[in-house]
Amino acid sequence: TMSKTSKKRCANVMLPGAHRQTHQRAQGWAIYWYAWRGGPQIARFAGATLEDAEAAELEGAHEIAAGYAAERQPKAAVGLIARVVDDYRAHPAYTDLRDATKATYRVWLDRIVEEFGALSEREVTDERVSAWLQKVYAKHGARARDHALRILSRLASWGRHKERKLFSAEFKPAEGFERLYRAPAQSGWEAAAIKQIPQVTPEPVRWALMLAYNTGLRRADLCELPWSAIDFDAGVIRWVTSKGRRRGRRIVIPLTPALRATLAAIQKRSTIVLTNKHKRPWTPGSLAHAVTQALRDAGISGSLHGLRRSAATHLASQGLSSRKIARVMGWSEGDAEAMSSIYVDDEEA
């Protein structure tokens with residue numbers, strides 16, 4: 001019989017890009033095959049032992065090959081909408097998206113093709129779109145409905161562009177539909193809670209909270225900020241955030257005395273500023289989980305995103321103008337002025 005390593009090596013030659021995973025379950029072992037890493041599953045084999053699962057896998061080699069061929073074979077787009085979606089997926093407007101954003105787009109583009117793929121733009125009427133949005137809302141909720149509407153609007157806008165002209169200038173299938181989802185309001189931290197941050201444990205979480213409070217960075221940006229972006233001589237952090245990368249927009253955060261003290265306290269254990277207890281950079285999910293647990297243990301009421309709002313107050317109290325705060329936070333100048341004035345007034349009272 002062929003060993004697991006040999007099978008995988010052989011598969012990589014015969015099925016380039018295919019992905020194989022083994023999992024031990026309570027009832028035994030399972031082997032999964034995917035058309036590519038992160039792609040659709042093409043075969044599954046189970047057994048009481050790993051050897052049993054591998055034996056079933058060996059017998060089912062034809063199933064793996066057939067599933068691989070079916071998923072890898074280019075699928076012809078049927079209607080105009082499907083053809084435009086195919087073109088969009090191959091364009092940098094889609095391929096250059098962040099992985100998390102691309103994953104969301106992928107789901108809704110598939111659903112758009114499923115619903116409208118065989119239709120021409122004239123057949124995508126307001127009635128059809130409305131019926132689809134109602135169906136999405138009933139099954140997935142308001143937030144998912146708004147995701148569907150936003151991505152349909154983005155696809156139509158991309159297709160109408162004068163360089164492509166895949167749709168007519170009048171094709172605006174998402175126009176006239178209002179957004180239903182409203183994110184729950186996030187308030188800034190109370191002054192008493194902020195004063196407790198230096199006592200938060202473990203230490204890597206405390207560093208993250210202090211950096212968030214002194215920079216106003218979003219969670220994903222906190223996890224990615226490199227030491228190379230910090231110019232101690234010039235007294236600034238210069239960096240392109242996750243939301244600014246598509247437009248190449250760079251933020252400039254002044255190194256206030258409080259921020260310098262925070263950076264001095266953080267141990268340099270990687271090229272990335274923030275690291276976890278294993279001295280590896282955080283992922284956004286693991287950081288959120290760790291912060292939630294640490295705040296619960298410390299009896300602090302607040303969230304990491306709420307601390308971002310408090311950062312506007314903190315920066316304003318150190319003399320930054322509304323324009324500079326807006327550049328740091330990625331807000332409009334009016335929002336920055338309103339936010340900082342509200343919380344600064346609260347603190348001074």
Side-chain angles (χ1 to χ4, degrees), residues 185-227 229-230 232 235-239 241-243 251-268 272-276 281-282 284 286-322 324-331 335-349:
Q186 294 278 353
S187 59
W189 285 31
E190 296 181 358
I194 291 173
K195 290 178 181 178
Q196 290 180 263
I197 292 177
Q199 284 74 52
V200 169
T201 56
E203 192 175 49
V205 176
R206 181 166 69 248
W207 294 340
L209 292 173
M210 291 300 296
L211 191 62
Y213 181 53
N214 285 286
T215 62
L217 288 173
R218 295 178 176 86
R219 182 178 62 184
D221 296 323
L222 287 170
C223 296
E224 297 177 3
L225 180 66
W227 285 105
I230 305 171
F232 287 98
V236 293
I237 296 175
R238 296 188 183 92
W239 195 43
T241 64
S242 56
K243 287 206 170 185
I251 62 168
V252 179
I253 304 175
L255 293 182
T256 61
L259 180 51
R260 283 184 180 273
T262 296
L263 292 170
I266 297 175
Q267 295 178 21
K268 193 171 183 179
I272 303 299
V273 175
L274 292 179
T275 54
N276 58 25
W282 294 96
S286 64
L287 178 60
H289 177 77
V291 166
T292 299
Q293 184 62 51
L295 295 182
R296 186 184 298 121
D297 293 344
I300 297 175
S301 176
S303 67
L304 192 57
H305 192 72
L307 194 58
R308 171 173 157 78
R309 290 178 175 266
S310 295
T313 308
H314 189 48
L315 293 171
S317 68
Q318 296 184 70
L320 268 71
S321 66
S322 295
K324 288 185 177 180
I325 293 173
R327 288 188 63 190
V328 170
M329 307 296 287
W331 295 340
D335 285 345
E337 185 173 357
M339 190 66 63
S340 59
S341 65
I342 290 171
Y343 292 120
V344 169
D345 289 346
D346 286 347
E347 283 191 350
E348 290 177 348

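Residues passing the side-chain hydrogen bond (donor to acceptor under 3.5 Å, both in side chains) test with Ser286, sequence neighbours excluded: Thr283. Annotation: side chain to side chain contact (heavy atoms under 4.5 Å, CB included) contacts of Ala265 (sequence neighbours excluded): none. Among residues two or more places apart in sequence or in another chain, the side chain to side chain contact (heavy atoms under 4.5 Å, CB included) test is passed with Gln196 by Ile300. For Arg238, the side chain to side chain contact (heavy atoms under 4.5 Å, CB included) partners are Asp231, Ala234, Val236, Arg250, Val252, not counting sequence neighbours.
In this structure, Leu274 CG and Trp227 CH2 are separated by 8.5 Å, a value rounded to the nearest 0.5 Å. Distance CD1/Ile266 to CE/Met210: 9.0 Å, rounded to 0.5 Å. Atom CG of Asn214 and atom CZ of Arg260 lie 12.5 Å apart (nearest 0.5 Å). Within the model, atoms CG of Leu222 and CG of Leu307 stand 9.0 Å from one another, a figure rounded to the nearest 0.5 Å. Considering CG of Leu217 and CD1 of Ile253, their distance stands at 4.0 Å, rounded to 0.5 Å. Residue Trp189 holds its CH2 atom at 7.5 Å from OG of Ser303, rounded to the nearest 0.5 Å.
Taking 4.5 Å as the limit, some side-chain heavy atom of Leu263 sits within range of a side-chain heavy atom of Phe232. Here the side chains of Leu209 and Leu295 are in contact, with some heavy-atom distance below 4.5 Å. Side-chain contact check for Leu259 versus Leu211: some heavy-atom pair is nearer than 4.5 Å.
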Dump the intermediate steps for side chain to side chain contact (heavy atoms under 4.5 Å, CB included) on Thr215 and Leu225, then the final yes or no. CA-CA 11 Å; Thr215 62; Leu225 180 66; 5.6 Å; no
Criterion side chain to side chain contact (heavy atoms under 4.5 Å, CB included) on Arg219 and Trp282, from CA distance to verdict: CA-CA 10 Å; Arg219 182 178 62 184; Trp282 294 96; over 6 Å; no
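Of all the heavy atoms in Ser301 and Ala193, the pair that sits closest is O-CB, 4.4 Å. Nearest heavy-atom pair across Val273 and Pro226 is CG2-C, 3.9 Å. Considering every non-hydrogen atom in both Pro281 and Cys223, the closest pair reads CB-O, 4.4 Å.
The side chain to side chain donor-acceptor pair (under 3.5 Å) contacts involving residues 287-296 comprise Gln293-Arg296, Gln293-Asp297, where partners must be two or more places apart or lie in separate chains. Among residue pairs with one or both ends in residues 191-205, those qualifying as salt bridge (Lys or Arg N to Asp or Glu O under 4.0 Å) are Glu203-Arg206; sequence neighbours excluded.
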